[in-house]
Amino acid sequence: MTLLNEIRQSYYPAWPVIAQGKKYSLPKTSANKTPQRDYAVAVVLPDMQLGYFRTHDNTLEPIHDEQALDVALQIVKASKPDQIVLVGDNLDLCEFGKYRFTPAFARTTQAAIDRASLLCAQLRKLAPQARIVWIAGNHEERLGNFILDGAGAAFGLRRGLRPEEWPVMSVPYLCNLDDYGVEYLPGYPTGAHWINQRLHVIHGDKVASGGSTAHKYLSTVKTSVIYGHIHRREWAERTRDDHDGARTILAASPGCLARIDGAVPSTRGGHDLDGRPLYRAEDWQQGLSVVEYVAGDGEFNLEMIPIRDGWARWRGRDYVAR
């Protein structure tokens with residue numbers, strides 16, 4: 001052995017340094033059967049913006065997306081929900097907003113109210129036993145604000161000797177919500193519905209660019225939240241120390257059920273010389289959420305279901321607009 005080899009042998013270990021792992025023979029095992037929890041189901045339907053404008057031949061063209069709504073209703077039926085939560089801005093009510101609207105949108109509110117009433121009837125038929133909650137968004141608030149600003153004496157008027165009823169010029173009265181057993185939570189932005197003690201739904205009043213609205217909520221809320229208002233799908237989570245260890249909360253937006261091609265009046269939209277919308281893609285996404293949850297201070301599992309061009313896939317099945 002040369003001197004060089006002796007030096008190498010004294011400084012370097014014999015090869016191989018890492019050997020192949022041992023082979024193990026494991027006994028057959030069977031999975032432990034865990035008791036199934038009693039999970040309930042909630043479906044969350046985001047901003048629909050029910051409304052219309054008149055085309056050149058005077059027919060009504062919806063600014064909500066009937067195909068997306070049809071897909072969402074199919075999933076409502078398939079999920080057999082215990083709760084259905086309407087996030088708000090289900091009505092657009094552009095005639096009552098503070099922004100200028102063109103003649104193409106004039107005198108279309110009645111058609112929107114009729115469509116909202118039909119929607120409530122459809123939901124009740126598909127889920128006869130479900131609790132249905134409609135949270136007021138900023139667009140629903142337009143009606144009351146319009147009356148306060150232009151005809152304050154009419155605000156809050158009810159039918160004679162019916163103090164328990166909703167005011168005549170209110171969303172729940174006009175859309176016949178009591179007839180379909182739909183609860184209405186007024187007072188945007190304060191309305192909140194708790195699916196269980198760990199997850200609540202609001203319409204929302206925060207907007208941030210670049211998909212960061214969820215982080216705005218996570219910086220202020222202490223429990224998980226589903227929100228609307230932004231018409232975009234978002235999801236973010238944060239884990240913090242709690243008295244009993246780490247706790248993770250989430251903030252998520254299911255998107256919207258409105259058209260995303262520019263038909264909905266917005267700050268990015270435009271119109272032709274007759275006041276009809278000019279189509280331009282909005283940075284919005286369509287979808288809905290299904291939540292499985294344990295009542296009380298129980299676990300929940302949130303599923304985000306995207307809808308694209310009248311199609312969605314959920315739990316191994318395609319749902320296509322009819």
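Because only heavy atoms are used, hydrogens play no part in the values below, and waters and symmetry mates are left out as well, while side chains stay in.
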Could you state the interatomic distance from CD1 (Ile230) to NZ (Lys216), rounded to the nearest 0.5 Å? 11.5 Å
Could you state the interatomic distance from OG1 (Thr220) to NE2 (His215), rounded to the nearest 0.5 Å? 13.0 Å
Run Leu199 and Val225 through side-chain contact (heavy atoms from CB on, under 4.5 Å) and show every step you take. CA-CA 6 Å; Leu199 178 65; Val225 61; 5.8 Å; no
How about His193 and Leu185: do any of their side-chain heavy atoms sit closer than 4.5 Å? yes
Show the numbers, then the answer: is there a side-chain contact (heavy atoms from CB on, under 4.5 Å) between Arg142 and Cys94? CA-CA 8 Å; Arg142 286 177 167 182; Cys94 70; 4.1 Å; yes
All heavy atoms of Gln49 vs all of Ala258, minimum pair found to be CG-CB, 3.6 Å
Give a yes or no on whether Arg315 atom CZ has more than 12 heavy-atom contacts from other residues, nucleotides or ligands under 6.0 Å away. yes
Any Lys/Arg nitrogen of Asp70 or Arg322 sitting under 4.0 Å from an Asp/Glu carboxylate oxygen of the other? yes
Are any of the side-chain nitrogens in Arg259 or Glu61 under 4.0 Å away from the carboxylate oxygens of its partner? yes
Salt bridge check: are Arg115 and Glu66 linked by an N-O gap of less than 4.0 Å? yes
Using ring centroids (six-membered ring only for Trp), state whether His139 and Tyr188 fall under 6.0 Å. no
4.5 Å side-chain heavy-atom contact, Trp235 and Ser253: no
Minimum heavy-atom separation for Leu91 to Ala112, with atom names? CD2-O, 3.5 Å
Partner of Ile132 by side chain to side chain contact (heavy atoms under 4.5 Å, CB included), out of Leu45, Leu177, Val85, Val182: Val182
Between Asp65 (side chain) and Ala68 (backbone), is there a donor-acceptor pair under 3.5 Å? yes
Is there a path of hydrophobic side-chain contacts, each under 4.5 Å between heavy atoms of I, L, V, M, F, W or Y residues, that connects Leu86 with Val290? yes
Using the six-membered ring wherever Trp is involved, compare the ring planes of His231 and Trp284 and label them parallel, tilted or perpendicular (cut-offs 30° and 60°). perpendicular
Which heavy-atom pair separates Trp134 from Cys120 by the least distance, and what is that distance? CZ3-SG, 4.0 Å
As a test of understanding, state which of Phe105, Phe53, Phe101, Tyr99 forms a side chain to side chain contact (heavy atoms under 4.5 Å, CB included) with Pro265. Phe105
Answer whether the closest heavy-atom distance between the side chains of Glu95 and Thr108 falls below 4.5 Å. yes
Side chains of Glu303 and Ser289: any donor to acceptor distance under 3.5 Å? no
Determine, stepwise, if the pair Trp311 / Val71 fulfils side-chain contact (heavy atoms from CB on, under 4.5 Å). CA-CA 7 Å; Trp311 168 87; Val71 170; 5.9 Å; no
Decide, yes or no, whether a salt bridge links Arg131 with Asp82 under the criterion of side-chain N to carboxylate O below 4.0 Å. no
Whether over 12 other heavy atoms sit under 6.0 Å from Asp149 CG: yes
In Å, rounded to the nearest 0.5 Å, how long is the span from CZ of Arg198 to OG of Ser224? 9.0 Å
Rounding to 0.5 Å, atoms NE2 (His203) and CD (Glu140) come to a distance of 7.5 Å
Please say which of Leu73, Val87, Ile307 ends up in a side chain to side chain contact (heavy atoms under 4.5 Å, CB included) with Leu257. Ile307
Hey, is the main chain of Ala251 close enough, under 3.5 Å, to the side chain of Glu237 for a donor-acceptor pair? no
Ignoring hydrogens and geometry, is there a side-chain-to-backbone donor-acceptor pair from Ser117 to Ile113 under 3.5 Å? yes
Find the distance between CG (Leu60) and CD1 (Ile63) and round it off to the nearest 0.5 Å. 11.5 Å
Single-linkage hydrophobic cluster Leu118~Val76, side-chain heavy atoms < 4.5 angstrom: no
Are Leu69 and Met304 linked, directly or through other ILVMFWY residues, by side chains that come within less than 4.5 angstrom of each other? no
Taking the side chain as every heavy atom from C-beta outward, state whether Thr213 and Arg232 have any atom pair closer than 4.5 Å. yes
Treating Arg247 as the side-chain partner and Thr223 as the backbone partner, does any N or O pair qualify as donor plus acceptor under 3.5 Å? no
Would a 4.5 Å heavy-atom cut-off, applied to side chains only, mark Arg233 and Pro306 as touching? yes
Is Leu157 close to Val168 at the side-chain level, that is, under 4.5 Å between some pair of heavy atoms? no
Can you tell me if Asp272 uses its side chain to pair, donor with acceptor, with the backbone of Arg276 under 3.5 Å? yes
Evaluate whether atom CZ of Arg240 has more than 12 neighbouring non-hydrogen atoms of other residues, nucleotides or ligands under 6.0 angstrom away. yes
Just by distance, do the side chain of Asp47 and the backbone of Asp89 share a donor-acceptor pair under 3.5 Å? no
Approximate separation, where rounding is to 0.5 Å, of Arg158 CZ and Met169 CE: 14.0 Å
Ignoring hydrogens and geometry, is there a side-chain-to-backbone donor-acceptor pair from Asn196 to Val294 under 3.5 Å? yes
Determine the minimum heavy-atom distance between Ala136 and Gly187, stating which atoms define it. CB-N, 4.4 Å
Does the side chain of Leu143 come within less than 4.5 Å of Leu174's, by heavy atoms? yes
Test the Lys206-Tyr227 pair against the cation-pi criterion, namely NZ or CZ under 6.0 angstrom from the six-membered ring centroid and within 45° of the ring axis. no
Test side-chain contact (heavy atoms from CB on, under 4.5 Å) on Arg280 and Asp261 and set out the steps. CA-CA 5 Å; Arg280 174 187 182 184; Asp261 60 357; over 6 Å; no
Do you know which two heavy atoms are closest between Tyr180 and Arg124, and how far apart they sit? O-NE, 2.8 Å
For the student: nearest non-hydrogen atoms of Gly262 and Pro277, plus distance: O-CB, 3.8 Å
Under a single-linkage definition using a 4.5 Å side-chain heavy-atom cutoff for Ile, Leu, Val, Met, Phe, Trp and Tyr, are Leu302 and Ile135 assigned to the same hydrophobic cluster? yes
When the ring planes of Trp314 and Tyr319 are compared, do they come out parallel, tilted or perpendicular, using 30° and 60° as the limits? tilted
For the residue pair Phe146 and Phe96, does the interplanar ring angle fall in the parallel (under 30°), tilted (30 to 60°) or perpendicular (over 60°) class? perpendicular
Can a side-chain donor-acceptor contact be found between Tyr293 and Gln83 if the only test is distance below 3.5 angstrom? yes
Are Val133 and Met48 connected, step by step, through hydrophobic side chains (Ile, Leu, Val, Met, Phe, Trp, Tyr) whose heavy atoms are closer than 4.5 Å? no
Answer whether the closest heavy-atom distance between the side chains of Ile195 and Val201 falls below 4.5 Å. yes
Ser79 side chain to Ile75 main-chain N or O, any donor-acceptor pair under 3.5 Å? yes
